[in-house]
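Quick notes on the structure that follows.
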Amino acid sequence: MPAPAALPYPPGRAPRRALWAAPMAGGASSTALVVAVGAAGGLGFVPAGYLSPDAFEARLAEVEAATDAPWGANLFLPGPTAADTAAVAAHAEALRPVAERLGVALGAPAWDDDALDAKVEVLARHRPAAVSFVFGVPDPAVVGRLREATGAAILATATTPAETVQVAGAGVDAIVLQGAEAGGHRGVLVDDPALPGGGELVPLLDLVAGARRVTALPLVAAGGLMTGAAIRAALDAGASAVQLGTAFLATPEAGTSTVHRRALLDATFAGTTVTRAFTGRPARGLANALARGFPDAPSAYPEVHHLTRPLRAAAARAGDADALHLWAGEGWRAVTEEPAGELVARLAREAGL
Ligand SMILES: Cc1cc2nc3c(=O)[nH]c(=O)nc-3n(C[C@H](O)[C@H](O)[C@H](O)COP(=O)(O)O)c2cc1C
């Protein structure tokens, strides 16, 4: 097998180690986490998801003021606008008792595009080493715009070999492969409502092998990677770098909520599950009551995300681990509270990076 292709980082902006801390929108990927990972030679990511363009701009300025190390950014691509409104209304009705228990009203299930165009222009004014897209095939013009403005390596996320071919067609420089084990939202290009995972659930090592058969682009492997041995296996299978999310969630630098952090460390949960109940897009998290209780939740992102937002905020305030999205990959039992820089150094050492 030929050696994996090198990631085309801009000159002077390559991280020392092929180990990335995944973008984790919603708070976990704090500036402190991005800075600590970068200082340890890894690549931390600033997620744009859910932020306003101004808040994204402020985050990027904060990171650039805090570190000279390379960093990456991540953008959500908007999905279809045609949610099944009757199905969303039925989900709202089913969730009403939970909202009442928490003393809040559900939110309005609106569609939005996560302000993609404005965030692209914000990012174009900064100096990321890598930019990754998730939830779709980026417009080749946007890929070109960001590459030209920032010099960054541009990536898109795929969950199957077929999706790998699709995103490669957009002219990206490399591909983030998200295996079935991954925590958080599944990066399926189109959420197939007939499938619980929104698409085929391909385990990471099979995905890397399958993607290598269909593209020569560099691959970044994500999903369930918690140990040096697992990282080594992904690299040996043909990945050029690895991206870890859950492994960083309990580090002191992460902005993970107290309830989420405690749930990951208590190990009281029996496992993880993929659910649309919280956001209308399949996502893997700890199998709490809300994740298990609504198997028929509709495919309607971001409508359901907006619908449940007040409920989730109230659950976080109340310390209620039953009604909060507790994103976690299948390897969550191996989370540690090590400082992020020590975690990067230890995993790199164990993986022989
Ligand atoms: C809390 C959390 C938030 C996430 N948010 C994002 C995001 O904003 N953008 C993205 O591309 N992936 C996101 N992901 C998925 C990660 O990029 C990655 O695929 C996943 O964390 C890898 O699996 P692991 O958690 O088992 O390491 C998120 C994952 C978690 C756990």
Side-chain angles (χ1 to χ4, degrees), residues 19-30 33-34 37 42-51 56 59 72-77 114 116 119 130-136 138 154-159 163 167 175-189 197 201-205 207-208 219-227 230-231 234 239 241-251 254-257 259-261 263-264 271-272 274 278-279 281-286 301-302 305 312 316 324-336 343-344 347:
L19 197 159
W20 297 8
M24 294 187 283
S29 292
S30 63
L33 181 63
V34 175
V37 169
L43 192 70
F45 269 73
V46 181
Y50 317 127
L51 298 179
F56 184 44
R59 281 293 314 278
N74 173 256
L75 297 165
F76 286 2
L77 291 166
D114 205 50
L116 176 68
K119 289 179 189 176
V131 174
S132 64
F133 289 95
V134 68
F135 303 158
I154 313 290
L155 300 96
T157 306
T159 64
E163 288 186 347
V167 297
I175 300 190
V176 177
L177 294 176
Q178 188 198 45
E181 303 90 337
H185 281 120
R186 305 223 339 107
V188 288
L189 300 183
L201 286 156
V202 185
L204 181 61
L205 292 182
L207 179 54
V208 174
L219 306 171
V220 179
L225 300 176
M226 304 294 289
T227 64
I231 290 170
V242 291
Q243 173 168 276
L244 285 63
T246 303
F248 287 97
L249 280 174
T251 62
T256 313
S257 74
V259 195
H260 192 177
R261 195 181 280 273
L264 287 163
T272 63
V274 175
F278 294 101
T279 66
R281 182 174 246 283
R284 184 178 294 283
L286 296 175
Y301 180 89
H305 162 79
R312 290 180 284 120
L324 190 65
H325 57 295
L326 303 171
W327 296 160
E330 286 185 350
W332 102 98
R333 283 192 193 280
V335 295
T336 73
L343 178 61
V344 169
L347 291 172

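Computation of the quantities below employed the complete heavy-atom set of this structure, encompassing side-chain atoms and omitting hydrogens, waters and symmetry-equivalent molecules. Residue numbers count from 1 along this sequence. Just so you know, ligand 1 is whichever comes first in the structure, and atom 1 is the first atom listed for that ligand.
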Counting C-beta onward and ignoring hydrogens, is there a side-chain heavy-atom pair between V46 and P23 closer than 4.5 Å? no

Backbone of G197 reached by a side-chain donor or acceptor of R186 within 3.5 Å:
yes

Within 4.0 Å of some non-hydrogen atom of L244, the atoms of ligand 1 are 27 (O)

Ranking A221, G187, A22, A25 by closest non-hydrogen atom to atom 5 (N) of ligand 1, top hit is A25

G224 to ligand 1, any heavy atom closer than 4.0 Å: yes

Output for pair (Q243 CD, Q178 CD), nearest 0.5 Å, gives 8.5 Å

Within 4.0 Å of some non-hydrogen atom of G329, the atoms of ligand 1 are 26 (O)

heavy-atom search around atom 21 (O) of ligand 1 in the protein gives G245 CA, 3.4 Å

Ligand 1 atoms nearer than 4.0 angstrom to some heavy atom of T246 are 24 (P), 25 (O), 26 (O), 27 (O)

Atom 6 (C) of ligand 1 has as its nearest protein heavy atom P23 O, 2.9 Å

task = Check if A28 has a non-hydrogen atom at a distance under 4.0 Å from any atom of ligand 1.
result = no

CZ of R261 to OG1 of T256, rounded to nearest 0.5 Å, is 5.0 Å

For atom 17 (O) of ligand 1, the closest protein heavy atom turns out to be Q243 NE2, 3.3 Å

The reported gap from OG1 in T159 to CG in L201 (rounded to nearest 0.5 angstrom) is 8.0 Å

Just by distance, do the side chain of E330 and the backbone of G223 share a donor-acceptor pair under 3.5 Å? no

Review point. If you draw the axis of the six-membered ring of F278, does the NZ or CZ of R312 fall within 45° of it and under 6.0 Å from the ring centre?
Key: no

Closest to atom 15 (C) of ligand 1 (heavy atoms only, candidates P47, G223, G183) is G183

At under 4.0 Å between heavy atoms, what of N74 touches ligand 1? The answer is side chain

Non-hydrogen atom of G26 closer than 4.0 Å to ligand 1: no

Output for pair (L225 CG, L244 CG), nearest 0.5 Å, gives 5.0 Å

Honestly, for M24 the part within reach of ligand 1 (heavy atoms, under 4.0 Å) is both

For F76, the atoms of ligand 1 under 4.0 Å from one of its heavy atoms are 7 (C), 8 (O), 9 (N)

**Prompt:** Under a heavy-atom criterion of less than 4.0 Å, does F45 contact ligand 1?
**Reply:** no

**Sub-3.5 Å N/O-N/O distance, Q178 and ligand 1** = yes

Within the 4.0 Å heavy-atom cut-off, what W332 brings close to ligand 1 is neither

Audit row: F76, F133, ring pair (Phe, Tyr, Trp, His ring centres under 6.0 Å) steps and yes/no:
CA-CA 6 Å; F76 286 2; F133 289 95; over 10 Å; no

### Query
Between the side chain of K119 and the main-chain N/O of D114, is any donor-acceptor distance below 3.5 Å?
yes

Practice item. Please state whether T157 comes within less than 4.0 angstrom of ligand 1, counting heavy atoms only. Key: no

Shortest non-hydrogen pair, L43 vs F45, comes out as CD2-CE1, 3.6 Å

